[in-house]
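What follows is a short report on a single structure.
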Amino acid sequence: MQKKISISQIKSAVHEAYDLYKTNDTGKNADYIPYLANVDKGLFGISICLLNGEIIECGDSAYKFGIESVSKVHTAILILRQYGAQELLKKIGADATGLPFNSIFAILLENDHPSTPLVNAGAITACSMVKPIADSDGKWKAIVDNITELCGSAPQLIDELYKSESDTNFNNRSIAWLLKNYNRIYDDPDISLDLYTRQCSLGITANQLAICGATIANKGLNPVTRQQVFDAGFSPKITSLIATVGFYEHTGDWLYTSGIPAKTGVGGGVMGTFPGLFGIAAFAPPIDNAGNSVKAQLAIKHIVNKLGLSVFSGDQVTITE
Ligand code: GLU
C-alpha cells in the first residue's frame, strides 16, 4: 500500500507522546552503576531526524546522558567498516541470546561464541577487534571518530560515569577473561574491557542518537552532515542486529508491539531506525527489569503506532510537507 504522512502529523505525534508520558513514574534508574542512580529521574526527551536532515524534538532532547549500550551499535558499525559483514559474523556472530545483556551463561550456551555485538560479551569482543590493534589510544580515537561521524557531532566522556563504571564492572571483567579463554578476544582483554567501559560512559543527546538512527535508515549517509559514513550495504546488516537483540530478552515483545528496530541502554536512551524514513531517539532514566527505559519505550511505541507505521507492513511510505 502507498501511504503518505505529513511532517505536521509527525510533530503532533511527538508532542502527544511527550504529554502523555511526561508524568509516568514507572521504573527505576539503573543502580548497579552508582552515577546512573543519581541522574534526575524526571528528565525526558524525544527526537526524530528525517532523511532531509530536519529534526523534530521535544523536552530534554539536548541533555547529555550516558550512552551505555546504545554505543554497541556504533562500534558494531565500526567493525563492519573495518572488517566487513562476513568477518563480523565469523568473529562475533549475529544471534540473539534471549538472555540478559550481561549474561555469562549465554557465552557458555553459545559454545564459546560471543553471539552478537549488541550484548556485553560481543561488544567487548568488538572493542578488541577495533583497529589499530595493540594501540589503546588509536582504538579509542577510532571509536570516538566513528560515533562523531554517525551522530554528526562529538560525544563527550562523562568522567564521573567512567570512574563509577570502572570501579564496579566486576561482571564485565569476568566476561572479558572468559572470552579470552575461548580465543574470542583479539587484543589485550583489559584494554578491550576498558574501551568498552569508556564508550559506555560517553555523554550523548537524544538529538545525536536520532541523527545516528537516521544515518542507518539512510543507507549510511548522514542526513545532517551529508557525509557517507559507511557503505550502503551495511545498513540492512546493522538494522538486522538491532531488530534481533535491541531490547535483550524483551526484543520480540518490542518488535511485535512497536514495529521499529531499536537499541536501548541502561542510561535511559533508546535509538530506533526506520529504514528509508527516519531515526528516532528518546531518553528517560528510569528503566524496567530488562534494562530498558520505560518512558522512552512508551514514547517511541506511541509515535510509530500513531503514524500507522511498521517495518513489517510492506507499505511504501512517503513523508510530505
Ligand atoms: N555499561 C553497561 C554494562 O556493561 C551497559 C549495559 C546496558 O546499557 O545495557 O553493564
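We count residues from 1, following the sequence as given. Because only heavy atoms are used, hydrogens play no part in the values below, and waters and symmetry mates are left out as well, while side chains stay in. In each ligand, atom 1 is the first atom listed, and ligand 1 is the first ligand listed.
Closest approach of I303 and A17 over heavy atoms only: CG1-CB, 3.8 Å. For the pair A262 and W254, the tightest heavy-atom approach, listed with the atom from each and the gap, is CB-NE1, 3.7 Å.
Checked by atom type and distance alone, the side chain of N292 never pairs as donor or acceptor with a backbone atom of D288 at under 3.5 Å.
Taking 4.0 Å as the cut-off, N172 counts as a neighbour of ligand 1 on heavy-atom distance.
Using bins of under 30°, 30° to 60° and over 60° for the plane-to-plane angle, the ring pair F101/Y248 lands in the tilted bin. Ring-plane geometry between Y18 and F44 is classed as parallel, the angle between the planes falling under 30 degrees on a 0 to 90 degree scale with a further cut at 60.
At under 3.5 Å, a nitrogen or oxygen of V266, whether backbone or side chain, sits near a nitrogen or oxygen of ligand 1.
Close approach to C200 involves these atoms of ligand 1, each under 4.0 Å from a residue heavy atom: 1 (N). Each of the following atoms of ligand 1 lies closer than 4.0 Å to a heavy atom of Y248: 7 (C), 9 (O). Residue-ligand proximity, G265 to ligand 1, at heavy-atom distances under 4.0 Å covers atoms 8 (O).
A cation-pi arrangement is present between K131 and Y83, with the terminal nitrogen or guanidinium carbon under 6.0 Å from the aromatic centre and inside a 45° cone about the axis.
Counting heavy atoms of neighbouring residues, nucleotides and ligands inside a 6.0 Å radius, atom NZ of K301 exceeds 12 of them.
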task: Kindly determine whether K139 and D135 satisfy salt bridge (Lys or Arg N to Asp or Glu O under 4.0 Å), including the steps that lead there.
output: CA-CA 6 Å; K139 285 166 84 95; D135 171 359; over 6 Å; no
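Among protein heavy atoms, atom 2 (C) of ligand 1 sits closest to E68 OE1, 3.1 Å. In terms of protein heavy-atom proximity, atom 4 (O) of ligand 1 is nearest to Y196 OH, 2.7 Å. The protein heavy-atom contact nearest to atom 1 (N) of ligand 1 is E165 OE2, 2.3 Å. Nearest protein heavy-atom neighbour of atom 3 (C) of ligand 1: Y32 OH, 3.4 Å.
With a 4.0 Å heavy-atom cut-off, ligand 1 is reached by the backbone of S69 and by its side chain too. Counting heavy atoms under 4.0 Å from ligand 1, residue N120 touches it through the side chain alone.
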